[in-house]
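Just so it is clear: chains get the letters A, B, ... in the order the sequence lines come, proteins before strands, and each one is counted from 1. Every value quoted in this text rests on a predicted model; they were computed, and no experiment measured them.
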Amino acid sequence: TQLLEQSPQFLSIQEGENLTVYCNSSSVFSSLQWYRQEPGEGPVLLVTVVTGGEVKKLKRLTFQFGDARKDSSLHITAAQPGDTGLYLCAGPMEYGNKLVFGAGTILRVKS
Amino acid sequence: NAGVMQNPRHLVRRRGQEARLRCSPVKGHSHVYWYRQLPEEGLKFMVYLQKENIIDESGMPKERFSAEFPKEGPSILRIQQVVRGDSAAYFCASASNGYTQYFGPGTRLTVL
């Protein structure tokens with residue numbers, strides 16, 4: 001069974017601080033995706049990483065895919081209150097690409 | 001471009017009633033996935049459909065739950081004889097090639 005473990009589960013920081021969220025697995029994934037979900041809404045896709053060692057930047061967000069394609073990280077620089085939300089990593093399982101999700105990291109950025 | 005649409009956004013049912021959740025995928029997308037998010041739990045896969053076919057229903061409870069994606073119209077997730085444990089947020093996602101999934105806003109089901 002392919003599982004994704006996210007850490008930390010909860011993060012509360014001050015505006016302007018940096019943070020990193022981790023997504024780890026013992027299984028190899030063909031790709032990993034990061035989503036952000038706000039209360040009462042569906043997950044919104046932030047990025048898909050496909051190649052081992054890949055780094056993608058989205059403004060203040062930096063996403064890395066591990067060389068062995070078993071882990072990924074999300075780094076946020078100078079966090080802002082608008083970054084508050086639930087961050088989820090997900091990877092496709094088997095044929096059909098159904099997604100398995102990590103439990104998520106709840107981020108709260110205080111002004 | 002319209003994204004994935006789900007309705008209703010909120011649904012309240014009494015135990016024993018039926019719940020019907022609708023999902024209209026992004027225009028042109030032929031792959032539909034349903035996921036459930038229980039309170040304090042992560043998103044879990046339920047079923048994967050393509051037009052008129054169920055491809056993978058390995059995540060769906062064997063009883064009371066069914067799904068369809070007809071040639072015309074939205075995908076429907078049907079829950080018969082709902083119980084309190086069915087209370088959850090149900091999300092639909094669509095994809096054009098099964099590679100990148102785009103999620104709808106979800107339907108929050110509350111069973112009284």
Side-chain angles (χ1 to χ4, degrees), chain A residues 1-10 21-25 27 29-51 54 56 58 63 65 69 72 74 85-107, chain B residues 2-11 21 23-26 29-50 53-60 67 69 88-110:
Chain A
T1 302
Q2 292 173 286
L3 294 173
L4 287 169
E5 294 185 2
Q6 279 188 248
S7 61
Q9 285 184 289
F10 182 78
V21 176
Y22 300 93
C23 177
N24 296 298
S25 176
S27 303
F29 282 87
S30 58
S31 65
L32 280 179
Q33 298 170 13
W34 285 92
Y35 291 84
R36 179 165 165 261
Q37 184 180 17
E38 296 193 45
E41 298 296 330
V44 175
L45 180 66
L46 296 174
V47 78
T48 300
V49 285
V50 179
T51 307
E54 182 177 8
K56 281 192 174 179
L58 186 66
F63 304 85
F65 199 13
R69 291 186 286 128
S72 182
L74 157 60
L86 173 67
Y87 289 83
L88 297 160
C89 67
M93 292 176 62
E94 306 164 13
Y95 174 76
N97 290 327
K98 61 188 180 186
L99 294 175
V100 58
F101 280 83
T105 295
I106 298 173
L107 172 64
Chain B
V4 177
M5 298 175 67
Q6 290 187 249
N7 68 80
R9 293 292 306 274
H10 299 274
L11 184 61
L21 288 60
C23 168
S24 296
V26 173
H29 284 191
S30 59
H31 302 250
V32 166
Y33 302 79
W34 285 91
Y35 295 83
R36 178 165 65 175
Q37 190 172 39
L38 290 164
E40 308 304 317
E41 291 189 22
L43 280 151
K44 301 277 192 246
F45 166 80
M46 297 182 73
V47 62
Y48 164 38
L49 311 101
Q50 293 183 21
N53 289 304
I54 296 175
I55 307 301
D56 182 350
E57 56 183 348
S58 59
M60 198 122 87
F69 188 16
Y90 291 82
F91 293 97
C92 165
S94 76
S96 59
N97 56 11
Y99 184 62
T100 299
Q101 297 179 26
Y102 298 91
F103 283 78
T107 293
R108 270 101 189 136
L109 173 65
T110 301

- Query: Going by the angle between their ring planes, with limits at 30° and 60°, are Tyr35(B) and Phe103(B) parallel, tilted or perpendicular?
  - Reply: tilted
- Item | Contacting moiety of Leu45(A), where chain B heavy atoms sit under 4.5 Å | side chain
- Query: Using non-hydrogen atoms only, which part of Ser30(A) is less than 4.5 Å away from chain B: side chain, backbone, both, or neither?
  - Reply: neither
- State which residues pass salt bridge (charged side-chain N to carboxylate O under 4.0 Å, His left out) with Arg36(A); sequence neighbours excluded, sorted by chain then number. Glu38(A)
- Message: If I compare all heavy atoms of Phe91(B) with all of Leu43(B), which pair ends up nearest, and what's the gap?
- Response: CD1-CD2, 3.5 Å
- Task: Not counting sequence neighbours, which residues clear side chain to side chain donor-acceptor pair (under 3.5 Å) with Gln37(A)? List them please.
- Result: Gln37(B)
- Query: Counting heavy-atom pairs under 4.5 Å to chain B, which of Ala103(A), Ala90(A), Gly104(A), Gly42(A) comes out on top?
  - Reply: Gly42(A)
- Query: Of the backbone (N, CA, C, O) and the side chain (C-beta and beyond), which part of Gln33(A) lies under 4.5 Å from a heavy atom of chain B, both, or neither?
  - Reply: side chain
- Counting heavy-atom pairs under 4.5 Å to chain A, which of Pro105(B), Gly104(B), Gly42(B) comes out on top? Pro105(B)
- Note on the structure: For Arg36(B) and Ala88(B), the nearest pair of non-hydrogen atoms, with its separation, is CG-CB, 3.7 Å
